[in-house]
Amino acid sequence: MWSAENHSPHCNLAEGTGPTTGDVTLRQLRYFAVLGEELNYRRAAERLFITQPALSTAIKQLEHQLGVMLFTRTTREVALTELGQAWMPKVRDALHGIDAAVDDLIDLSAHYRRIRLGYLIGTGADLLFRLVRNFEAAYPEITLEPREFDFSDPTAGLADGTTEVAIIRPPVDLPEHRMFILDAENWVACLPRDHPLAGRSELAIAELLDDPIVVAPATAGRWRDYWMAMDARGGKPPTIAAVAATYEEETTTIARGLGISFTSEASARLYNRQGIAYVPIVDRPRNYTALAWHPAGLSLEAAQLVRHVREGWSFGEGQAIEHPATYY
């Protein structure tokens, strides 16, 4: 922050007034430095890619904020005041220091190699840990930065670019994204402990379609429809008991007896609690856990992760097959 003490002793301010230095911006300092070098508003404005009136207004505002005169102006010339001349090298040094700091940050970032990895809550912690440990052991110079997403964004950050690569449960509304299937699991019904079917060893999907269901937020799109089993309902809309963005909300609602939900085997392992029961569903296609990405939006590091998974993951058939992220 600039203060009156930093200025020349020739700076005489009226008693009871003072400069509002906290409002001085880096842009104003650059304007001052360029005009101080050019001593010509037209040339300075061209260097700064702004108009002459905008530059003149900015300089006047700077002088007003600091309570000093930095330039003298006539119809024929612009000159630095004695105070402006004294301040000029200090501003140059300050700007040079800021530019050097930015350059240093850019250099540092070139050595700080990271991948923003999203994962959908409940997508199998064992898979996440396996992927992170295996990749970072092979590429210790690259850091994976995992971030968890709830049901409101089943793309795990891919949709808005928050993440570059993500572990998801397809399908998601990203037709241009690609994915490798990492694992497949059976559907499971999550029921209140006192539900008439809670003691069964297995169920068919049709036995539960009339039950009120706890669903993901509407922002989940086709992922929400998938886990409501809309394809099995013959066009009949479900009765929605509640909306939940996390498994904690979902299982709490179900434990209260307000509805049921459909989920995965991994979720049944990770989110068991009193008041609910999990029962396998025998007539649904298996659901997948997948690594997804946008082919055109990968950094070099993220592309290395995709290659690493393609070459080193055990895919059962021994060959990685890419699918669109809308696949299920």
Side-chain angles (χ1 to χ4, degrees), residues 118-134 146 148-151 153-156 166-172 179-193 195-209 211 213-216 220 222-232 238 241 244-255 259-292 309 313-317 321 323 325-328:
Y119 67 98
L120 182 64
I121 184 173
T123 50
D126 52 343
L127 285 178
L128 174 67
F129 297 150
R130 177 184 166 191
L131 187 149
V132 171
R133 286 197 304 265
N134 189 271
E148 184 179 75
F149 290 80
D150 63 29
F151 303 154
D153 181 11
T155 75
I167 301 175
I168 63 168
R169 288 194 184 281
V172 292
M179 70 178 188
F180 292 136
I181 294 171
L182 303 179
D183 197 11
E185 299 175 286
N186 293 320
W187 278 50
V188 177
C190 181
L191 310 176
R193 181 69 67 180
H195 191 283
L197 303 178
R200 292 270 296 274
S201 60
E202 59 185 39
L203 291 167
I205 192 72
E207 297 181 81
L208 295 169
L209 295 181
D211 282 67
I213 186 170
V214 181
V215 300
R222 68 183 300 167
W223 189 86
R224 167 173 147 139
D225 291 344
Y226 174 80
W227 286 107
M228 286 194 291
M230 293 301 293
D231 62 309
T246 67
Y247 283 111
E248 185 66 29
E249 291 179 85
E250 179 182 317
T251 54
T252 297
T253 303
I254 293 169
I260 69 163
S261 72
F262 301 128
T263 188
S264 66
E265 292 175 292
S267 301
R269 292 194 306 270
L270 293 170
Y271 296 95
N272 201 0
R273 60 176 296 164
Q274 290 185 342
I276 62 175
Y278 291 103
V279 182
I281 299 174
V282 296
D283 58 346
R284 291 294 289 171
R286 305 188 83 192
N287 66 90
Y288 300 124
T289 300
L291 185 75
V309 172
W313 201 272
S314 175
F315 289 93
E317 297 178 359
I321 299 175
H323 296 279
T326 52
Y327 175 86
Y328 64 97

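Please read these numbers as outputs of a predicted model, since none were measured by experiment.
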Do the side chains of Asn186 and Pro280 get nearer than 4.5 Å, heavy atoms only? no
Do the side chains of Asp183 and Leu127 get nearer than 4.5 Å, heavy atoms only? yes
Minimum-distance pair of heavy atoms, taken over all atoms of Ile168 and Ala156: CG2-CB, 4.2 Å
To the nearest 0.5 angstrom, please state how far the CZ atom of Arg130 sits from the CG atom of Leu182. 8.0 Å
So do Asp153 and Leu120 actually touch side chain to side chain, heavy atoms under 4.5 Å? no
Verify side chain to side chain contact (heavy atoms under 4.5 Å, CB included) between Ile181 and Thr289, making sure each step is shown before the conclusion. CA-CA 6 Å; Ile181 294 171; Thr289 300; over 6 Å; no
Could you pull out the closest heavy-atom pair between Ala241 and Gly259, with the gap in Å? CB-CA, 4.1 Å
So does Arg284 pair up with Asp231, basic N to acidic O under 4.0 Å? yes
Which atom of Ala184 lies closest to which atom of Arg286, heavy atoms considered: O-NH2, 3.0 Å
Checking side chain to side chain contact (heavy atoms under 4.5 Å, CB included) for the pair Arg273/Glu248: CA distance, chi angles, key distance, verdict? CA-CA 10 Å; Arg273 60 176 296 164; Glu248 185 66 29; 3.2 Å; yes
Polar side-chain atom of Trp227 near backbone of Val215 as donor-acceptor pair, under 3.5 Å: no
Treating Arg193 as the side-chain partner and Ala277 as the backbone partner, does any N or O pair qualify as donor plus acceptor under 3.5 Å? no
Separation of Arg224 CZ from Met228 CE (nearest 0.5 Å): 4.5 Å
Pairing residues for Phe149 by the ring-ring contact (aromatic ring centres under 6.0 Å, His included) criterion, not counting sequence neighbours: none
Ignoring hydrogens and angles, tell me if any N or O in the side chain of Arg169 forms a donor-acceptor pair with the backbone of Gly122 under 3.5 Å. yes
Is the shortest heavy-atom distance from the side chain of Thr246 to the side chain of Ile121 under 4.5 Å? yes
Applying ring-ring contact (aromatic ring centres under 6.0 Å, His included) to His323 and not counting sequence neighbours gives Tyr327
Among side-chain atoms of Thr326 and Arg222, is any donor-acceptor pair under 3.5 angstrom? no
Is the backbone of Ala245 close enough, under 3.5 Å, to the side chain of Glu250 for a donor and an acceptor to pair up by distance? no
Donor-acceptor pair, side chain of Asp283 and main chain of Ile205, under 3.5 angstrom: yes
Would the distance check show the side chain of Tyr278 and the main-chain N or O of Tyr271 forming a donor-acceptor pair, the cut-off being under 3.5 Å? yes
Below 30° counts as parallel, above 60° as perpendicular, anything between as tilted: where do the rings of Trp187 and Phe262 land? tilted
Who passes side-chain hydrogen bond (donor to acceptor under 3.5 Å, both in side chains) against Thr263, sequence neighbours left out? Ser267
Contact check, side chains of Glu207 and Leu197, non-hydrogen atoms, under 4.5 Å: yes
Interatomic spacing from OG in Ser261 to CD1 in Ile213 - rounded to 0.5 Å: 6.5 Å
Given side chains that start at C-beta, do those of Val279 and His195 come closer than 4.5 Å, heavy atoms only? no
At their closest point, which heavy atom of Pro170 faces which heavy atom of Ala290, and how far apart are they? CD-CB, 4.2 Å
Side chain to side chain contact (heavy atoms under 4.5 Å, CB included) between Leu191 and Leu208, worked out: CA-CA 10 Å; Leu191 310 176; Leu208 295 169; 3.9 Å; yes
I want to check something: taking the side chain as every heavy atom from C-beta on, are Pro192 and Ile260 in contact at a cut-off of under 4.5 Å? yes
Given Leu291 and Leu131, is the side chain to side chain contact (heavy atoms under 4.5 Å, CB included) satisfied, shown in steps? CA-CA 10 Å; Leu291 185 75; Leu131 187 149; 4.0 Å; yes
pair Val132-Pro146: side-chain heavy atoms closer than 4.5 Å: yes
Counting only N and O atoms by type, is there a donor-acceptor contact under 3.5 Å from the side chain of Asn287 to the main-chain atoms of Glu185? yes
